[in-house]
Amino acid sequence: CEDPSHEGTFGFSVVPLLESQHLMRRVGAHISSLQNAFVKHLVRLREDASYRRAQGQVLVCGQKMVAELHGNQPVHALVVDEEKNLPSSIVVEDHVTGSHAPRAGHVSADRVFSVSSPVMKKIAGVIEPESHAMVVSLPTMDTIALHTMRRVLVLDGLSDPGNMGTLLRTAHGLGWDGCVVLGHSVDPFNDKALRAGKGATFWLPLARLSSWDTLASMAMQGGRQVLPLLAAAHSTEGARTYLNVTTPRPRPRVSSDASLPLTLLVLGNETHGVSDACTSSKILTPRPITIPMAK
């Protein structure tokens with residue numbers, strides 16, 4: 001089946017189902033054309049944030065990402081390079097027609113395709129792609145449960161996807177409770193951001209809000225104390241020095257104790273810093289802090 005989306009739609013409803021109802025190693029449709037409509041759909045998922053949101057799906061590439069996410073995200077499609085062996089840790093299950101429940105080490109996918117190496121390179125957008133990629137549901141970013149959180153990272157106008165992914169991975173590793181993306185910040189589900197995030201993008205609660213004032217109003221609901229901190233350079237006048245702004249782990253990632261203050265750590269654009277709307281807010285103005293480098 002050279003063109004699994006032969007009816008002209010980029011959805012998966014027209015893709016032939018896997019024939020077997022049991023665990024399988026083989027794949028269904030084969031794609032070798034770079035102009036295939038389904039391939040173009042996958043490339044758009046990787047490149048276009050608005051298209052991702054419209055489809056409600058995101059493309060994830062690489063063995064580690066697939067291994068981490070497949071048990072926690074519905075897998076709409078699994079794509080395998082025909083010239084590379086599917087890792088022994090991954091067994092494909094027919095999610096649509098199969099009767100087997102997903103088990104550890106098994107990928108339960110709606111559709112499975114083999115593709116040529118040039119096609120996989122186009123899909124992944126890198127020179128040396130790994131053996132497989134998958135399409136999963138795009139997590140919603142409409143809201144965030146601030147009332148259950150104590151430490152939240154706020155990214156205001158961040159433009160570099162590598163920085164986005166690295167900060168999400170760091171926040172997740174330090175045990176922070178969530179992240180709010182403001183304004184025109186780069187999409188956390190950008191392919192470069194996903195690679196830098198190493199899976200943290202799916203594990204850390206995320207929300208995209210229009211402005212700092214929207215976030216401030218949400219944070220202050222119920223009269224809870226809010227500690228807004230603005231990461232600043234050493235030379236910033238009035239900046240307070242914090243040698244350690246986190247607490248040692250282990251501790252629960254989420255705390256429902258509303259008596260504890262909510263800390264919002266704001267990081268701005270790499271070139272221009274945080275927006276004027278943040279620094280001049282009449283609702284809640286962040287306090288500048290700096291963490292000095294070791295001498």
K.L.:
Is any side-chain heavy atom of V119 closer than 4.5 Å to one of N36?
P.N.:
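Not touching, per the 4.5 Å side-chain cut-off.
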K.L.:
Between atom CG of L215 and atom CD1 of I144, what is the distance when rounded to the nearest 0.5 Å?
P.N.:
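Result: 8.5 Å between the selected atoms.
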K.L.:
Does the side chain of V39 reach to within under 4.5 Å of the side chain of I123, using non-hydrogen atoms?
P.N.:
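Yes, side chains in contact.
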K.L.:
Which residues pass the side chain to side chain contact (heavy atoms under 4.5 Å, CB included) test with Q221, sequence neighbours left out?
P.N.:
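Q221: no side chain to side chain contact (heavy atoms under 4.5 Å, CB included) contacts found.
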K.L.:
Could I get the full list of side chain to side chain contact (heavy atoms under 4.5 Å, CB included) partners for A219, not counting sequence neighbours?
P.N.:
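Listed in chain order: L146, V226, L262, L264.
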K.L.:
Of all heavy-atom pairs between M120 and V80, which one has the smallest distance, and what is that distance?
P.N.:
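Closest pair (atom of M120, atom of V80, distance): CE-C, 3.9 Å.
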K.L.:
For a 4.5 angstrom cut-off between non-hydrogen side-chain atoms, does L206 reach M141?
P.N.:
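Of all side-chain heavy-atom pairs linking M141 with L206, at least one is under 4.5 Å.
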K.L.:
Does L153 form a side-chain contact (heavy atoms from CB on, under 4.5 Å) with L267? I'd like the steps, not just the answer.
P.N.:
CA-CA 8 Å; L153 179 65; L267 303 179; 3.8 Å; yes
K.L.:
Rounded to the nearest 0.5 Å, what's the gap from CE on M164 to CG on L155? Could you check?
P.N.:
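One finds 5.0 Å between CE of M164 and CG of L155.
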K.L.:
Could you tell me which non-hydrogen atom of L158 sits nearest to which non-hydrogen atom of G268, and how far apart they are?
P.N.:
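Minimum heavy-atom contact is CD1-O, 3.5 Å.
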K.L.:
Drop me the distance from T143's OG1 to R208's CZ, to the nearest 0.5 angstrom.
P.N.:
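That separation rounds to 14.5 Å.
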K.L.:
Tell me the closest heavy-atom pair linking P188 and T201, and the distance in Å.
P.N.:
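Looks like O-CG2, 3.5 Å.
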K.L.:
Going from CD on E270 to OG on S159, what distance comes out if it is rounded to the nearest 0.5 angstrom?
P.N.:
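That separation rounds to 3.5 Å.
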K.L.:
Would you say S185's side chain and L182's backbone share a donor-acceptor pair under 3.5 angstrom?
P.N.:
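Checking the backbone N and O of L182 against the side chain of S185, a donor-acceptor pair under 3.5 Å is found.
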K.L.:
Does T170 have any side chain to side chain contact (heavy atoms under 4.5 Å, CB included) partners at least two apart in sequence or in another chain, and if so, which?
P.N.:
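Partners of T170 under the side chain to side chain contact (heavy atoms under 4.5 Å, CB included) test: T166, L174.
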K.L.:
Start with the C-alpha gap between K122 and V43, add the side-chain angles, then the distance that decides, and say whether side-chain contact (heavy atoms from CB on, under 4.5 Å) holds.
P.N.:
CA-CA 7 Å; K122 180 175 181 178; V43 172; 3.9 Å; yes
K.L.:
Would you be so kind as to tabulate the donor-acceptor pairs closer than 3.5 Å made by side chains of residues 274-281, with sequence neighbours excluded?
P.N.:
from: S275; atom 1: OG; to: D156; atom 2: OD2; distance (Å): 2.9
from: S275; atom 1: OG; to: C278; atom 2: N; distance (Å): 3.4
from: T279; atom 1: OG1; to: D276; atom 2: O; distance (Å): 3.3
from: S280; atom 1: OG; to: D276; atom 2: O; distance (Å): 2.5
from: S281; atom 1: OG; to: D213; atom 2: OD1; distance (Å): 2.6
from: S281; atom 1: OG; to: I283; atom 2: N; distance (Å): 3.1
from: S281; atom 1: OG; to: L284; atom 2: N; distance (Å): 3.2
from: S281; atom 1: OG; to: L284; atom 2: O; distance (Å): 3.4

K.L.:
Atom NE2 in H41, atom CG in D48: separation rounded to 0.5 Å?
P.N.:
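Atom-to-atom, H41:NE2 and D48:CG are 11.5 Å apart.
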K.L.:
Heavy-atom distance under 4.5 Å between the side chains of R111 and L78, does that happen here?
P.N.:
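Of all side-chain heavy-atom pairs linking L78 with R111, none is under 4.5 Å.
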K.L.:
Could you check whether any side-chain N or O of D81 sits under 3.5 Å from a backbone N or O of H132, counting only pairs where one atom can act as donor and the other as acceptor?
P.N.:
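Looks like no, no N/O pair under 3.5 Å.
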K.L.:
List the atom of R224, the atom of P261, and the distance in Å for their closest heavy-atom pair.
P.N.:
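That closest heavy-atom pairing would be NH2-O, 3.8 Å.
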K.L.:
Could you tell me which non-hydrogen atom of L230 sits nearest to which non-hydrogen atom of P286, and how far apart they are?
P.N.:
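Minimum heavy-atom separation between L230 and P286: CB-CB, 3.7 Å.
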K.L.:
Counting C-beta onward and ignoring hydrogens, is there a side-chain heavy-atom pair between L42 and V79 closer than 4.5 Å?
P.N.:
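A side-chain contact under 4.5 Å exists here.
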K.L.:
Measure the CD1-OG distance between I31 and S114 for me, rounded to the nearest 0.5 Å.
P.N.:
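Taking CD1 in I31 and OG in S114, the distance rounds to 8.0 Å.
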K.L.:
Would you call L265 and I289 a side-chain contact if the rule is heavy atoms closer than 4.5 Å?
P.N.:
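Heavy-atom side-chain distance check passes, below 4.5 Å.
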K.L.:
Under the side-chain contact (heavy atoms from CB on, under 4.5 Å) rule, what do V58 and L45 come out as? Steps first, then yes or no, please.
P.N.:
CA-CA 6 Å; V58 59; L45 283 181; over 6 Å; no
K.L.:
Kindly determine whether V180 and V152 satisfy side-chain contact (heavy atoms from CB on, under 4.5 Å), including the steps that lead there.
P.N.:
CA-CA 7 Å; V180 173; V152 174; 4.0 Å; yes
K.L.:
Can you run down the ring-ring contact (aromatic ring centres under 6.0 Å, His included) pairs that involve residues 177-198, sequence neighbours left out, and say none if there aren't any?
P.N.:
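Sorted result for residues 177-198: F189-F202.
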K.L.:
State whether a side-chain donor-acceptor pair under 3.5 Å links E82 with S116.
P.N.:
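There is no such pair between these side chains.
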K.L.:
Considering only residues two or more places apart or on different chains, which pairs with a residue in residues 184-200 satisfy salt bridge (charged side-chain N to carboxylate O under 4.0 Å, His left out)?
P.N.:
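The answer is R46-D191, R52-D187, D191-R195.
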K.L.:
Can you tell if the side chain of M149 reaches within under 4.5 Å of the side chain of P205, non-hydrogen atoms only?
P.N.:
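Touching, per the 4.5 Å side-chain cut-off.
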K.L.:
May I ask you to test the V186-D160 pair for a side-chain heavy-atom distance under 4.5 Å?
P.N.:
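No - every pair of side-chain heavy atoms lies 4.5 Å or more apart.
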K.L.:
Search all heavy atoms of M65 against all heavy atoms of G199 and return the closest pair with its distance.
P.N.:
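For M65 and G199, the tightest heavy-atom pair comes out as SD-N, 3.4 Å.
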